[in-house]
Peer 1: 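So that we are looking at the same thing, I have put the structure below in structure tokens.
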Amino acid sequence: MKTISILIPAYNEEQVLHTLINRLDAVTSELPHYQFEYLFVNDGSTDNTLFLLKQLVEHRTDVSYVNLSRNFGKEVAMLAGFDHTKGEAVIIIDADLQDPPELIPEMIGYWEQGYDDVFAKRRSRAGESWFKKWSSSRYYKILETLSNIPVQRDTGDFRLLDRRCIDALQLLRESQRYTKGMYSWIGFNKKEILFDRDPRAAGETKWNYGKLFNLAIDGITSSTIAPLRFSSLFGVIISVVAFFFMIFVVIRALLFGDPVPGYPSLMAVILFLGGIQLLSLGIIGEYLGKVFYETKGRPVYFVEEYVSTIKKDDSAE
Ligand code: UDP
Ligand code: MG
């Protein structure tokens with residue numbers, strides 16, 4: 001029997017945990033030919049999530065959890081999950097039921113056909129503001145143009161990954177993670193399926209525009225150095241323009257003399273160049289910051305406790 005792990009990062013999800021388990025059970029009980037492992041990663045929740053998980057583990061043999069030592073964020077929580085899953089395939093799903101578990105059989109079907117990364121693509125985004133939809137579509141377009149790898153539009157982390165994708169992702173151990181870029185980067189056989197994303201079942205989203213902005217910057221700076229190129233290109237263009245302007249100013253002064261006007265143009269040039277320089281410095285700083293975090297070489301996360309009751313069916317190997 002093949003084991004399939006369902007990886008659920010959870011941060012303050014006490015309100016949805018039981019509904020989630022029920023929905024997952026309803027789906028997995030229809031798939032008797034697979035052994036399922038529900039692996040929760042408790043990402044430093046401050047509510048009763050951990051307590052509920054402990055209760056679950058006592059009563060069931062197919063639930064395990066990794067309790068991280070603090071809140072590390074979803075991206076790191078997923079890496080912790082990859083490190084602890086046992087299945088031949090791993091399905092990543094949000095705890096808040098925005099990703100319908102009913103899609104799992106279809107994912108497994110494609111996996112059995114030989115696909116390594118079966119990802120769910122959002123057809124609609126119910127419960128999200130027009131601004132969120134618009135900004136996310138703009139963003140994907142920019143990211144795709146800047147980095148040369150294809151970006152998976154309108155997808156999240158809801159997907160089935162074959163063991164070899166998990167093995168690959170485990171090798172990418174940067175602490176500033178942008179997992180969505182990594183799925184594209186590692187390659188392998190991809191298959192998309194369409195679904196309608198539901199609004200959150202309960203609780204609040206932990207994303208605000210500040211965090212989303214940070215994720216967006218991380219997405220670009222961790223997959224491409226195009227912004228650095230742009231600042232070089234901009235520098236070259238401005239230098240060329242400045243050179244011709246200099247010749248023009250000198251010749252004009254020689255031919256017509258110079259009664260020293262030009263305060264407005266001087267200010268315009270100084271302010272413009274100052275702005276460009278600050279922007280370029282900021283861009284360099286973004287990358288330097290990444291280098292700073294990565295050269296420290298710290299472990300990406302710490303595990304407080306790992307509890308697993310799953311016994312892997314060895315006869316299958
Ligand atoms: N999550 C996490 N750590 C965090 C924030 C979120 O593990 O610091 C989990 C959360 O429990 C949920 C998933 O990541 O299972 C998606 O989070 P959320 O629903 O808040 O994000 P959104 O759906 O709004 O993008
Ligand atoms: Mg959500």
Peer 1: Under the side-chain contact (heavy atoms from CB on, under 4.5 Å) rule, what do Lys121 and Ile193 come out as? Steps first, then yes or no, please.
Peer 2: CA-CA 6 Å; Lys121 186 176 161 129; Ile193 53 180; over 6 Å; no
Peer 1: Tell me, with the steps shown, if Arg23 and Glu102 meet side-chain contact (heavy atoms from CB on, under 4.5 Å).
Peer 2: CA-CA 8 Å; Arg23 289 266 297 270; Glu102 291 70 28; 2.9 Å; yes
Peer 1: Keeping Ser29 on the side-chain end and Ala26 on the backbone end, is there a donor-acceptor pair under 3.5 Å?
Peer 2: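 Present.
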Peer 1: With the 4.5 Å side-chain cut-off for hydrophobic clustering, are Leu31 and Val63 part of the same group?
Peer 2: yes
Peer 1: Treating Glu14 as the side-chain partner and Asn48 as the backbone partner, does any N or O pair qualify as donor plus acceptor under 3.5 Å?
Peer 2: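 Judged by distance alone, yes, a pair lies under 3.5 Å.
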Peer 1: With rounding to the nearest 0.5 angstrom, report the CG to CD distance, Leu79 to Glu174.
Peer 2: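 With rounding to 0.5 Å, CG (Leu79) is 9.5 Å from CD (Glu174).
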Peer 1: Does Thr49 offer a backbone N or O that forms a donor-acceptor pair with the side chain of Lys54 under 3.5 Å?
Peer 2: no
Peer 1: Where do Met107 and Ile91 come nearest, in terms of heavy atoms and distance?
Peer 2: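 Taking Met107 first and Ile91 second, the nearest heavy atoms are SD-CG2, 4.4 Å.
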Peer 1: Do Asp94 side-chain atoms and Asp96 backbone N/O form a donor-acceptor pair below 3.5 Å?
Peer 2: no
Peer 1: Would you say Phe213 ends up clustered with Phe131 if hydrophobic residues are merged whenever their side chains have heavy atoms under 4.5 Å apart, either directly or through other cluster members?
Peer 2: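 Hydrophobic grouping puts Phe131 apart from Phe213.
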Peer 1: The test is ring-ring contact (aromatic ring centres under 6.0 Å, His included); show your working for Tyr115 and Phe188 and say whether it passes.
Peer 2: CA-CA 8 Å; Tyr115 290 103; Phe188 296 110; over 10 Å; no
Peer 1: Can you classify the ring geometry of Phe72 versus Tyr301 as parallel (below 30°), tilted (30 to 60°) or perpendicular (above 60°)?
Peer 2: perpendicular
Peer 1: Using modelled atom types only, decide if a donor and an acceptor are shared between the side chain of Arg163 and the backbone of Val90 within a distance under 3.5 Å.
Peer 2: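 It does not hold such a pair.
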Peer 1: Measure the spacing between CG of Leu146 and OG1 of Thr224 and express it to the nearest 0.5 Å.
Peer 2: 5.5 Å
Peer 1: Whether the side chain of Glu294 engages the backbone of Gln176 through a donor-acceptor N/O pair (distance < 3.5 Å, no angle test) should be reported.
Peer 2: yes
Peer 1: Can you find a pair of side-chain heavy atoms, one from Lys2 and one from Glu112, that are under 4.5 Å apart?
Peer 2: yes
Peer 1: Could you check if a side-chain atom of Glu305 sits within less than 4.5 angstrom of a side-chain atom of Asn42, using non-hydrogen atoms only?
Peer 2: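 Of all side-chain heavy-atom pairs linking Asn42 with Glu305, none is under 4.5 Å.
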Peer 1: For the backbone of Gly87 and the side chain of Ser5, can you confirm whether one donor and one acceptor N or O come within less than 3.5 Å of each other?
Peer 2: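 A pair under 3.5 Å: yes.
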Peer 1: Are Leu172 and Val300 connected in a single hydrophobic cluster, I mean Ile/Leu/Val/Met/Phe/Trp/Tyr linked by side-chain heavy atoms less than 4.5 Å apart?
Peer 2: yes
Peer 1: Using the side-chain hydrogen bond (donor to acceptor under 3.5 Å, both in side chains) rule, take Lys180 and Thr155 through it: C-alpha gap first, then chi angles, then the decisive distance, then the call.
Peer 2: CA-CA 8 Å; Lys180 207 185 290 186; Thr155 60; 5.3 Å; no
Peer 1: Are the side chains of Tyr65 and Leu39 in contact, using a 4.5 Å heavy-atom criterion?
Peer 2: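 Leu39 does not reach Tyr65 side chain to side chain.
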Peer 1: Are any side-chain N or O atoms of Asp43 and backbone N or O atoms of Gly73, one a donor and one an acceptor, separated by less than 3.5 Å?
Peer 2: yes
Peer 1: For Phe40 and Ile8, run side-chain contact (heavy atoms from CB on, under 4.5 Å): C-alpha distance rounded to whole Å, both residues' side-chain angles, the deciding distance at 0.1 Å, then the answer.
Peer 2: CA-CA 5 Å; Phe40 288 87; Ile8 310 148; 3.6 Å; yes
Peer 1: Could you go step by step and tell me if Tyr34 and Thr28 meet the side-chain hydrogen bond (donor to acceptor under 3.5 Å, both in side chains) rule?
Peer 2: CA-CA 8 Å; Tyr34 300 95; Thr28 54; over 6 Å; no
Peer 1: Mind checking the CG-CZ spacing from Leu161 to Phe82? Nearest 0.5 Å is all I need.
Peer 2: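 These two atoms lie 6.0 Å from each other.
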Peer 1: Report the hydrophobic cluster partners of Val291, with the cluster defined as I, L, V, M, F, W, Y residues connected by side-chain heavy atoms closer than 4.5 angstrom, directly or transitively.
Peer 2: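 None; Val291 is a cluster of one.
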Peer 1: Do His33 and Met1 have side chains that get closer than 4.5 Å, going by heavy atoms?
Peer 2: no
Peer 1: In Å, rounded to the nearest 0.5 Å, how long is the span from CG of Leu53 to OG of Ser45?
Peer 2: 7.5 Å
Peer 1: Do Leu169 and Tyr183 have side chains that approach each other closer than 4.5 Å (heavy atoms only, starting at C-beta)?
Peer 2: yes
Peer 1: For Leu24 versus Pro101, what's the shortest heavy-atom pair and its separation?
Peer 2: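 Nearest heavy atoms, Leu24 then Pro101: CD2-CB, 3.8 Å.
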Peer 1: Kindly give the heavy-atom pair with the smallest separation between Arg60 and Ile21, and that separation in Å.
Peer 2: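 Arg60 and Ile21 have their closest heavy atoms at NH1-CG2, 3.4 Å.
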Peer 1: Just so I know, are the side chains of Leu103 and Phe195 near enough to count as touching, which here means a heavy-atom distance under 4.5 Å?
Peer 2: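 Counting from C-beta outward, Leu103 and Phe195 do come under 4.5 Å.
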Peer 1: Report the distance from atom CG of Asp162 to atom CG of Asp167, rounding to the nearest 0.5 Å.
Peer 2: 8.5 Å
Peer 1: Can you confirm whether more than 12 heavy atoms, excluding those of Arg229, are under 6.0 Å from its CZ atom?
Peer 2: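 For Arg229, atom CZ is not crowded (no more than 12 foreign heavy atoms under 6.0 Å).
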Peer 1: Kindly determine whether Phe243 and Val240 satisfy side-chain contact (heavy atoms from CB on, under 4.5 Å), including the steps that lead there.
Peer 2: CA-CA 5 Å; Phe243 178 76; Val240 170; 5.7 Å; no
Peer 1: Considering all heavy atoms of both residues, which atom of Met78 and which atom of Leu7 are nearest to each other, and what is their separation?
Peer 2: O-CD2, 3.8 Å
Peer 1: Any heavy-atom pair between the side chains of Tyr11 and Lys74 that's under 4.5 Å?
Peer 2: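 Side-chain contact under 4.5 Å: no.
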Peer 1: Do Glu37 and Thr3 pass the side-chain hydrogen bond (donor to acceptor under 3.5 Å, both in side chains) test, and can you show the C-alpha distance, the side-chain angles, and the key distance before you say yes or no?
Peer 2: CA-CA 7 Å; Glu37 170 196 27; Thr3 309; over 6 Å; no
Peer 1: Taking atom CZ as the centre, does Phe51 end up with more than 12 heavy-atom neighbours from other residues, nucleotides or ligands that are less than 6.0 angstrom away?
Peer 2: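 Not more than 12 within 6.0 Å, no.
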Peer 1: Locate the shortest heavy-atom distance separating Ala77 from Leu68; write the atom from each residue and the value.
Peer 2: CA-CD1, 4.0 Å
Peer 1: Hey, is the main chain of Lys190 close enough, under 3.5 Å, to the side chain of Asp117 for a donor-acceptor pair?
Peer 2: no
Peer 1: For the residue pair Tyr287 and Ile220, what are the closest heavy atoms and their distance?
Peer 2: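 That closest heavy-atom pairing would be OH-O, 4.2 Å.
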Peer 1: With sequence neighbours excluded, tell me which residues meet side-chain contact (heavy atoms from CB on, under 4.5 Å) with Ile276.
Peer 2: Phe234, Ile238, Phe272, Ser280
Peer 1: How long is the span from the CD1 atom in Ile284 to the CD atom in Glu286, to the nearest 0.5 Å?
Peer 2: 11.5 Å
Peer 1: Assess the residue pair Asn12 and Thr46 against the criterion (side-chain hydrogen bond (donor to acceptor under 3.5 Å, both in side chains)); give the C-alpha distance rounded to whole Å, side-chain angles, the decisive distance to 0.1 Å, and a yes or no.
Peer 2: CA-CA 6 Å; Asn12 293 346; Thr46 50; 3.2 Å; yes
Peer 1: Is a side-chain N or O of Asp99 found less than 3.5 angstrom from the main chain of Ile93, in a donor-acceptor match?
Peer 2: no
Peer 1: Are any non-hydrogen side-chain atoms of Tyr293 and Arg298 less than 4.5 angstrom apart?
Peer 2: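 A side-chain contact under 4.5 Å is absent here.
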Peer 1: Should Phe119 and Leu143 be counted in the same cluster of Ile, Leu, Val, Met, Phe, Trp and Tyr side chains packed under 4.5 Å apart?
Peer 2: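 No, Phe119 does not connect to Leu143 through the hydrophobic network.
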Peer 1: Same hydrophobic cluster for Met246 and Ile251, using side-chain heavy-atom links shorter than 4.5 Å among ILVMFWY?
Peer 2: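 Linked within one cluster.
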